[in-house]
> 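Right, I'll just put the structure down here and ask away after.
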Amino acid sequence: MATTRAVLTPESAHFPASNFAGFTTVNGRPALAFDAATDETAYWTLAAPQGLAGALSLVVSFIMASATTGSVRFQAAVEAVTAADATDLDAGTSFDAANSAGGTVPGTAGYLQQVTITLTNADSIAAGDYVRIALNRDADGTSGTDDATGDCYVLAVELREA
Amino acid sequence: MQIPPCMAVLDSTARQAIRDILMRARNVGAVNKPDLRAAIDATDAWIDSNAASYNTALPEPFKSTATAQEKTILFCFVALKRAGILPDQGV
């Protein structure tokens with residue numbers, strides 16, 4: 001049975017200096033608005049939970065602002081740093097290669113859909129690591145088809161272990 | 001020198017910019033990005049194909065005195081008003 005290892009909420013996200021997903025509320029629900037034309041990113045920081053052993057995936061729950069046709073594509077990258085790693089955290093980043101997945105949007109805007117991104121590249125994450133997860137909508141479709149128009153509202157993200 | 005009735009047909013970058021602006025500004029969710037871009041391309045091509053006809057329809061002295069940009073803006077303002085999104089006080 002799969003195990004939820006972390007729940008990443010819109011309120012707990014932080015953002016790059018530019019091209020960031022916009023924090024908003026949709027019908028009172030906190031959400032991150034990912035643009036349809038420009039790749040925008042959100043980050044989450046966590047300590048890798050104890051007992052981490054299996055394959056990880058990121059389950060992204062979202063609704064569309066207006067699109068009723070097409071697909072969205074997400075990319076997720078992991079930065080996992082172990083104590084004494086040769087990574088200068090105040091000078092750069094150390095994300096592993098991006099993982100990606102996409103899904104067809106619901107036929108009605110506002111209906112919930114989920115996309116599961118398998119974190120094949122997880123930067124050798126280990127229990128206790130300092131971890132950042134970067135999530136972006138691949139609006140320009142470099143990793144796959146993203147042809148749904150309008151904003152994609154991410155409502156919640158689950159870090160799941162198989 | 002003959003004044004061109006409208007500004008030049010848009011290049012791909014400009015049409016893509018329209019697509020991006022339109023997605024942010026309006027609900028165009030019933031079509032996907034390629035379909036929206038195709039509609040933009042067709043609209044720009046139609047404007048280019050019918051520019052001379054539009055210019056012919058304009059009355060004097062506006063036809064002879066207005067610039068190509070002014071004629072294009074006039075067309076846009078009329079269209080926006082017909083679409084119900086141009087306020088009475090203008091932009």
Side-chain angles (χ1 to χ4, degrees), chain A residues 18-27 31-42 62-75 100 102-113 115 136-155, chain B residues 6-51 54 68-69 71-91:
Chain A
S18 61
N19 295 336
F20 46 83
F23 179 82
T24 186
T25 57
V26 179
N27 192 25
L32 296 177
F34 286 84
D35 191 66
T38 302
D39 287 12
E40 294 179 334
T41 302
F62 67 93
I63 61 174
M64 300 305 293
S66 58
T68 57
T69 185
S71 301
V72 290
R73 189 84 181 172
F74 287 101
Q75 293 174 297
S100 65
T104 303
V105 306
T108 301
Y111 280 19
L112 186 73
Q113 180 58 284
V115 165
N136 70 275
R137 177 181 179 183
D138 187 13
D140 58 9
T142 54
S143 71
T145 300
D146 183 304
D147 60 0
T149 59
D151 279 357
C152 174
Y153 295 130
V154 171
L155 303 178
Chain B
C6 278
M7 302 180 76
V9 67
L10 299 174
D11 63 15
S12 181
T13 301
R15 291 178 176 185
Q16 193 77 339
I18 292 173
R19 186 208 71 165
D20 296 350
I21 294 168
L22 201 51
M23 285 196 294
R24 291 173 185 135
R26 308 295 295 179
N27 179 345
V28 289
V31 297
N32 61 26
K33 293 179 192 176
D35 291 341
L36 178 60
R37 174 58 192 267
I40 293 167
D41 292 351
T43 299
D44 191 36
W46 182 90
I47 291 172
D48 198 56
S49 298
N50 291 276
Y54 168 59
Q69 187 183 52
K71 293 175 181 178
T72 303
I73 291 173
L74 170 65
F75 183 96
C76 293
F77 270 46
V78 172
L80 286 171
K81 192 63 175 177
R82 287 167 64 104
I85 59 175
L86 182 69
D88 289 339
Q89 284 72 38
V91 296

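Quantities reported herein were computed from a predicted structural model and do not represent experimental measurements. All chains are named by letter (A, B, ...) in the order of the sequence lines, taking the proteins before the strands, and each is independently numbered beginning at 1.
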> With respect to chain A, which residue among B/L36, B/V31, B/D35, B/I21 yields the maximal number of heavy-atom pairs within a distance under 4.5 Å?
B/V31
> Could you check which of A/T68, A/T38, A/V105 has the highest count of heavy-atom pairs closer than 4.5 Å to chain B?
A/T68
> What's the shortest heavy-atom distance between A/A36 and B/K33, and which atoms?
O-NZ, 2.5 Å
> Quick check on the structure: residues of residues 142-151 of chain A within a heavy-atom distance below 4.5 Å of chain B, by number.
A/D146, A/D147, A/A148, A/T149, A/G150
> Side chain, backbone, both or neither: which part of A/A65 has a non-hydrogen atom closer than 4.5 Å to chain B?
neither
> Are there residues of residues 10-19 of chain B whose heavy atoms fall under 4.5 Å of chain A's heavy atoms? If so, which?
B/R19
> What is the minimum heavy-atom distance between A/G70 and B/N32, and which atoms define it?
CA-CB, 4.4 Å
> Crowded around A/F23 CZ? As in, over 12 foreign heavy atoms under 6.0 Å?
yes
> How long is the gap from OG on A/S66 to CZ on B/R26, to the nearest 0.5 Å?
11.0 Å
